[in-house]
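Encoded as C-alpha cells, the structure appears first; notes follow it.
Numbers for residues simply follow the sequence, beginning at 1. Only heavy atoms go into these numbers, but all of them, side chains included; no hydrogens, no water, no symmetry mates.
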Amino acid sequence: MAEGAVLLRGFARPVETELIADLRAIVAQAPFRHMVTPGGHQMSVAMTNCGRIGWVTDRTGYRYDANDPEAAKPWPAMPASFRDLAARAAVQAGFAAFAPDACLVNRMSLHQDKDELDFAAPIVSVSLGLPATFLFGGLQRSDKPLRFRLEHGDIAVWGGPARLAFHGVAALADGEHAVMGPQRINLTFRKAR
C-alpha cells in the first residue's frame, strides 16, 4: 500500500470461526456503545474494546484506560485467537515481536492512530463482514488517500514510515455477508503502552 504498509489478502480466513466466536463473547461482556467526544458530541460509530487497556473518549479527552467506563470494570481479556493472529500478521508484514495490549472493535472515519505511547509498534487491522473501501492517506489529513477494497478476512498492517498515516473506511454499501450479516466489524490491534 505504501512504504511500511502491507495488505494481507484473506489472512484471517483460516481462523475466522474462532475469531467470530471470540468476538461475540467480547461483545456479550462489553457491548457496543457510542462514546462521547471531548467536544460533547456522541460518536456515530459504535465501539468496544478488549485487552489490558481499551481506547476511550469522553469530555476529558481521548485516552487508553484499563476499565470499561460503562461497566466500571476491566475490559474483557484479549483472546488468544486475536493475539496470535495480530502477531502473525505483523511478522508477515515485516514487524517482529508485536504484542498488542489493546484491540479496538469498531468502524471509523479518516483518522490517525496517535494516542499510543509506542509508535515503533505497527497497527494491525482485521476486516470482518461486508466489503469496504479502505482509505490510506499520508501524514497530513489533506493528503489524498489511496483506496483499497477490503474483503472479509483481509488484514492491513502499517508501521515504520507509515505508522502515523491517516486512514479510514468509506461509507459502506448495504449488503448481507454470509457469516457476519449486514455489518462490517474492524478489529484494530495496537501496542498502546
Side-chain angles (χ1 to χ4, degrees), residues 1-24 26-27 30-35 37 42-51 54-55 57 78-79 81-82 85-86 88-90 92-93 95 100 102-115 122-159 162-190:
M1 295 187 307
E3 184 182 355
V6 176
L7 183 54
L8 305 172
R9 298 276 183 205
F11 196 85
R13 294 289 306 254
V15 295
E16 74 176 285
T17 301
E18 188 176 3
L19 279 181
I20 293 167
D22 287 341
L23 172 62
R24 290 183 175 138
I26 289 163
V27 173
F32 283 104
R33 76 284 310 272
H34 295 271
M35 294 189 184
T37 68
Q42 186 176 47
M43 293 180 70
S44 61
V45 175
M47 56 185 288
T48 191
N49 291 277
C50 70
W55 185 86
T57 178
M78 187 182 303
S81 66
F82 281 37
L85 178 63
R88 285 189 303 105
Q92 184 71 25
F95 299 96
C103 177
L104 175 60
V105 182
N106 71 351
R107 176 181 166 267
M108 293 290 274
S109 59
L110 201 63
H111 66 284
Q112 267 182 320
D113 290 334
K114 60 181 183 178
D115 296 324
I123 301 294
V124 175
S125 180
V126 179
S127 292
L128 298 173
L130 290 174
T133 301
F134 184 53
L135 306 172
F136 195 78
L139 300 179
Q140 304 298 318
R141 184 180 293 276
S142 60
D143 293 340
K144 183 175 172 67
L146 299 172
R147 301 168 72 85
F148 299 91
R149 182 172 172 85
L150 295 177
E151 300 284 345
H152 177 77
D154 288 348
I155 301 180
V157 182
W158 62 96
R163 173 60 179 77
L164 292 174
F166 279 88
H167 57 280
V169 175
L172 290 180
D174 289 339
E176 185 78 20
H177 186 267
V179 177
M180 299 296 292
Q183 66 180 334
R184 176 186 181 274
I185 301 291
N186 193 76
L187 309 176
T188 305
F189 295 93
R190 302 169 180 167

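- The CG atom of L164 sits 10.5 Å away from the CD atom of Q140 when rounded to the nearest 0.5 Å.
- For N49 (side chain) and W55 (main-chain N/O), a donor-acceptor pair under 3.5 Å exists by modelled atom type.
- Using a 4.5 Å cut-off on side-chain heavy atoms (C-beta onward), E18 and L85 make no contact.
- What you find for L187 and C103 is that their closest heavy atoms are CB-SG, 3.9 Å.
- Counting heavy atoms from C-beta on, the side chains of F189 and V126 come closer than 4.5 Å.
- The two residues A12 and L19 make their nearest non-hydrogen contact at CB-CD1, 4.0 Å.
- Side-chain contact between P182 and E176 is present, with heavy atoms from C-beta onward closer than 4.5 Å.
- Each of V124, L8, V15 was scored for a side-chain contact (heavy atoms from CB on, under 4.5 Å) with R88, with one residue passing: V15.
- Scored by the side-chain hydrogen bond (donor to acceptor under 3.5 Å, both in side chains) test, S81 finds D22 as partners (sequence neighbours excluded).
- For the pair M180 and L23, the minimum side-chain heavy-atom distance is below 4.5 Å.
- Using a 30° and 60° split on the angle between ring planes, H152 and H177 fall in the tilted class, from 30° to 60°.
- Side-chain contact between Q92 and I155: absent, with no pair of heavy atoms (C-beta onward) separated by less than 4.5 Å.
- Counting only heavy atoms from C-beta outward, the side chains of L7 and F136 never approach each other to under 4.5 Å.
- Among all heavy-atom pairs drawn from A30 and T48, the shortest one is O-OG1, 2.6 Å.
- The two residues T188 and S125 have their closest heavy-atom pair at OG1-OG, 4.1 Å.
- Rounded to the nearest 0.5 Å, atoms CG (L128) and CZ (R184) are 8.5 Å apart.
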So I185 and F32, side-chain contact (heavy atoms from CB on, under 4.5 Å) or not? Walk me through it.
CA-CA 11 Å; I185 301 291; F32 283 104; 3.8 Å; yes
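- Around atom CD of Q42, more than 12 heavy atoms belonging to other residues, nucleotides or ligands sit under 6.0 Å away.
- What you find for L130 and A173 is that their closest heavy atoms are CD1-O, 4.0 Å.
- For the pair T37/M43, a side-chain contact is recorded, criterion being any heavy-atom separation below 4.5 Å from C-beta on.
- Listed here is the closest heavy atom pair of D154 and G10: OD1-N, 2.7 Å.
- The distance between the ring centers of F134 and W158 falls below 6.0 angstrom.
- When side chains are defined from C-beta on, N186 counts as touching S127, because their heavy atoms get closer than 4.5 Å.
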